[in-house]
Student: 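Structure incoming, see below.
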Amino acid sequence: LMVHHAVDDRCTCMGGFWTGAIDHGSTGWVAHMMWQYYLYTLDTDFLRRTAFPFMRDTLRVYEAMLEERPDGTLTLPVSVSPEYEGSAMWAWGANASFQLAIIHFLCRALLRSAAILGVDEDICRWQQIAERLPIGSLAGEGSRRELVLWDGQPLAHSHRHHSHMAALYPFDVVDYWNSPGDRTLLENTARTWTRLGMGEWTGWCLPWAAILWARMGNGERAALLLEEHRRVYTGPAKYTTHDAVLAGFSVFDRRPDIMQIEAAMGAATAVMEMLAYTASGVLRVFPAVPARWQEAAFDGIRAEGAFLVSAERRDGRTHWVRVFSERGATLRLAHPFGEGDVLVTSNAPGRTPQRLEGAAILTVPTSPDEEVLITPCPR
């Protein structure tokens, strides 16, 4: 399976943009959306019929590209990072971080799917790929390590694609919250990204960047980016644009009338990410809200695990979290109140309120169609 990055309106490959014609990442991203559909619904039939075969066959193409090094590790010798240096003949290299993040996502999703579906074919091969392939293309040593675009190619100038950070979002293969090494890696990468600025960004780049900052817990920066997006990339009728409508913000400012709808959808996604998201299997509520959002609430945001999540924040503190479980999955929730024991109240018949010790991650078993209310225990 291979879905090209660059196609015309009839899905015919655009031969002039050769880097898009060899970018297998588009296939991987479609596979990721299929996997997300499973995570959000726990629809096992969809996983068996559609997502699992698609992910398996997507990885098969990557497997054909991989080569073994003398030390036994694996490398992806020819790869691209979307649109970096356009279609220049040097716009490629080994181990593009974007592509490696996709391969690791595929391996993890396939291994988890195999366990769910009771499939044992290819498991050892997927495990070996995950163990022998670098998580990304890295530069620097120790506490100075950061992600670069591909081997030997740092982010050398402002660029509208943040694809070298895709291991954080959308593919969720590094753990900012629980791995100090991953946190350092991502913070170093973000500093270089920040230093080079937004001069070559377009409209959809700002919501994407807001999501990345939200995934690193920086709600202030995420909110500012969304405000900048509203000011700089919104036309008179509130449509979102590709080029800046405010001259001087970006070098892409000469076609302010070109509408681009994914920027609006990205901005809506960024707001929801600031309110709730799941990373490394843990649901986080109000993970990236700026200090001025003293009062905030949301109702029924769909989350991984087939959960519908609602919560309220008053006076700058989370007061309650309510979770409706469609399929009866186990909820893993980052402590929403910071510390202290919590009380879990269920609408299930005969279920008495349960007091949970205030661990950093709360584990709450649920039943299908059960709704649980989580509140701080009275002191």
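Note: hydrogens, waters and symmetry copies are ignored here, and every other heavy atom, side chains too, is used. This is a predicted model, so every value here is computed, not measured.
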Student: Donor-acceptor pair, S79 side chain versus G93 backbone, under 3.5 Å?
Tutor: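 Yes; at least one donor-acceptor contact below 3.5 Å.
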Student: Between W201 and H162, does the ring centre distance come in under 6.0 Å?
Tutor: yes
Student: Are I361 and W177 close enough that some pair of their side-chain heavy atoms sits under 4.5 Å apart?
Tutor: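 When only atoms from C-beta onward are counted, W177 and I361 do not touch, as no gap falls below 4.5 Å.
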Student: Look at atom CD of E295 and say whether more than 12 heavy atoms of other residues, nucleotides or ligands are closer to it than 6.0 Å.
Tutor: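 For E295, atom CD is crowded (more than 12 foreign heavy atoms under 6.0 Å).
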Student: Do Y233 and T240 have side-chain heavy atoms sitting under 4.5 Å apart?
Tutor: no
Student: Give a yes or no on whether R191 atom CZ has more than 12 heavy-atom contacts from other residues, nucleotides or ligands under 6.0 Å away.
Tutor: no
Student: Are more than 12 heavy atoms from other residues, nucleotides or ligands located less than 6.0 Å from atom CE of M265?
Tutor: yes
Student: Should F98 and L196 be counted in the same cluster of Ile, Leu, Val, Met, Phe, Trp and Tyr side chains packed under 4.5 Å apart?
Tutor: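 Yes.
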Student: Could you check whether E68 pairs with R132 (Lys NZ or Arg NE/NH1/NH2 to Asp/Glu carboxylate O, under 4.0 Å)?
Tutor: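 Yes, this pair counts.
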Student: Under 6.0 Å between the ring centres of H32 and F171?
Tutor: yes
Student: If we ignore angles and hydrogens, is there a donor and acceptor under 3.5 Å between the side chains of Q99 and Y62?
Tutor: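 Yes, because at least one side-chain N or O of Q99 sits under 3.5 Å from a partner of the opposite role on Y62.
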Student: Q153 and V148: side-chain contact (heavy atoms from CB on, under 4.5 Å), yes or no, with the steps?
Tutor: CA-CA 6 Å; Q153 180 58 67; V148 296; 6.0 Å; no
Student: Is the number of heavy atoms from other residues, nucleotides or ligands within 6.0 Å of CZ (R125) greater than 12?
Tutor: yes
Student: Considering only NZ, NE, NH1 and NH2 on the basic side and carboxylate oxygens on the acidic side, decide whether R108 and D175 come within less than 4.0 Å.
Tutor: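 Judged by the 4.0 Å cut-off on N to carboxylate O distance, R108 and D175 do not form a salt bridge.
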Student: Applying salt bridge (Lys or Arg N to Asp or Glu O under 4.0 Å) to R48 and D45, what does each step give before you reach the verdict?
Tutor: CA-CA 5 Å; R48 180 181 294 105; D45 288 339; 3.4 Å; yes
Student: Show your reasoning for whether salt bridge (Lys or Arg N to Asp or Glu O under 4.0 Å) applies to E141 and R144.
Tutor: CA-CA 5 Å; E141 300 292 334; R144 297 180 178 273; over 6 Å; no
Student: Drop me the distance from Y37's OH to L42's CG, to the nearest 0.5 angstrom.
Tutor: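 Separation between the atoms: 11.0 Å.
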Student: Are the side chains of S113 and V119 in contact, using a 4.5 Å heavy-atom criterion?
Tutor: no
Student: When rounded to the nearest 0.5 angstrom, what distance separates SG in C107 from CD in Q128?
Tutor: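 It is 10.5 Å, given to the nearest 0.5 Å.
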Student: Any chain of hydrophobic side-chain contacts (each under 4.5 Å) joining L275 to Y277?
Tutor: no
Student: Is it possible for you to check whether R215 lies under 6.0 Å from the centre of the six-membered ring of Y176, through NZ or CZ, and within 45° of that ring's axis?
Tutor: no
Student: Is the shortest side-chain heavy-atom distance between F298 and F286 below 4.5 Å?
Tutor: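 In contact.
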Student: Tell me if the aromatic rings of H157 and Y84 count as close, with their centers under 6.0 Å from one another.
Tutor: yes
Student: Does S250 use its side chain to pair, donor to acceptor, with the backbone of G199 at less than 3.5 Å?
Tutor: yes
Student: Check the hydrophobic clustering (I, L, V, M, F, W, Y; side-chain heavy atoms under 4.5 Å; chains of links allowed) and say if V232 and L206 are grouped together.
Tutor: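 Hydrophobic grouping puts V232 with L206.
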Student: Ignoring hydrogens and geometry, is there a side-chain-to-backbone donor-acceptor pair from H319 to T375 under 3.5 Å?
Tutor: no
Student: Please tell me if the side chains of E273 and W213 come closer than 4.5 Å, counting only heavy atoms from C-beta onward.
Tutor: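 With C-beta onward as the side chain, the pair stays apart.
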Student: Is a donor on one side and an acceptor on the other found under 3.5 Å between the side chain of E339 and the backbone of G358?
Tutor: no
Student: Measure the spacing between CZ of F337 and CZ of R317 and express it to the nearest 0.5 Å.
Tutor: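 Answer for the CZ-CZ pair, F337 versus R317, is 9.5 Å.
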Student: Knowing that exactly one of D182, I211, V174, L147 qualifies, which makes a side chain to side chain contact (heavy atoms under 4.5 Å, CB included) with L168?
Tutor: V174
Student: Check the hydrophobic clustering (I, L, V, M, F, W, Y; side-chain heavy atoms under 4.5 Å; chains of links allowed) and say if M55 and I129 are grouped together.
Tutor: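 Yes; tracing contacts between hydrophobic side chains, which count when under 4.5 Å, links both residues.
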Student: Are L138 and L74 co-members of a hydrophobic cluster defined by side-chain heavy atoms under 4.5 Å apart?
Tutor: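 Yes.
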Student: Taking the six-membered ring for Trp, are H159 and W193 ring centroids under 6.0 Å apart?
Tutor: no
Student: Should the pair E227-R230 be classified as a salt bridge under the 4.0 Å nitrogen-to-oxygen rule?
Tutor: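 So E227 pairs with R230 through a salt bridge.
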Student: Roughly how far apart are Q354 CD and L343 CG, rounded to 0.5 Å?
Tutor: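 Between Q354 CD and L343 CG, I get 9.0 Å after rounding to 0.5 Å.
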Student: Looking at CD of E131 and NE2 of H104, how far apart are the two atoms once the value is rounded to the nearest 0.5 Å?
Tutor: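 So the gap between those two atoms works out to 10.5 Å.
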Student: About how many Å separate CD of E63 and CG of D122, when rounded to the nearest 0.5 Å?
Tutor: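 That separation rounds to 7.0 Å.
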Student: Are any of the side-chain heavy atoms of I102 and L106 separated by less than 4.5 Å?
Tutor: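 Yes, their side chains come closer than 4.5 Å.
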Student: Just by modelled atom types, is the S97 backbone N or O under 3.5 Å from a matching donor or acceptor in the S137 side chain?
Tutor: no
Student: Please determine whether a side-chain nitrogen of the Lys or Arg among E228 and R231 lies less than 4.0 Å from a carboxylate oxygen of the Asp or Glu.
Tutor: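 Salt bridge absent between E228 and R231.
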Student: Looking at side-chain heavy atoms only, is the closest gap between Y38 and F52 below 4.5 Å?
Tutor: no
Student: Do the side chains of V78 and M65 get nearer than 4.5 Å, heavy atoms only?
Tutor: no
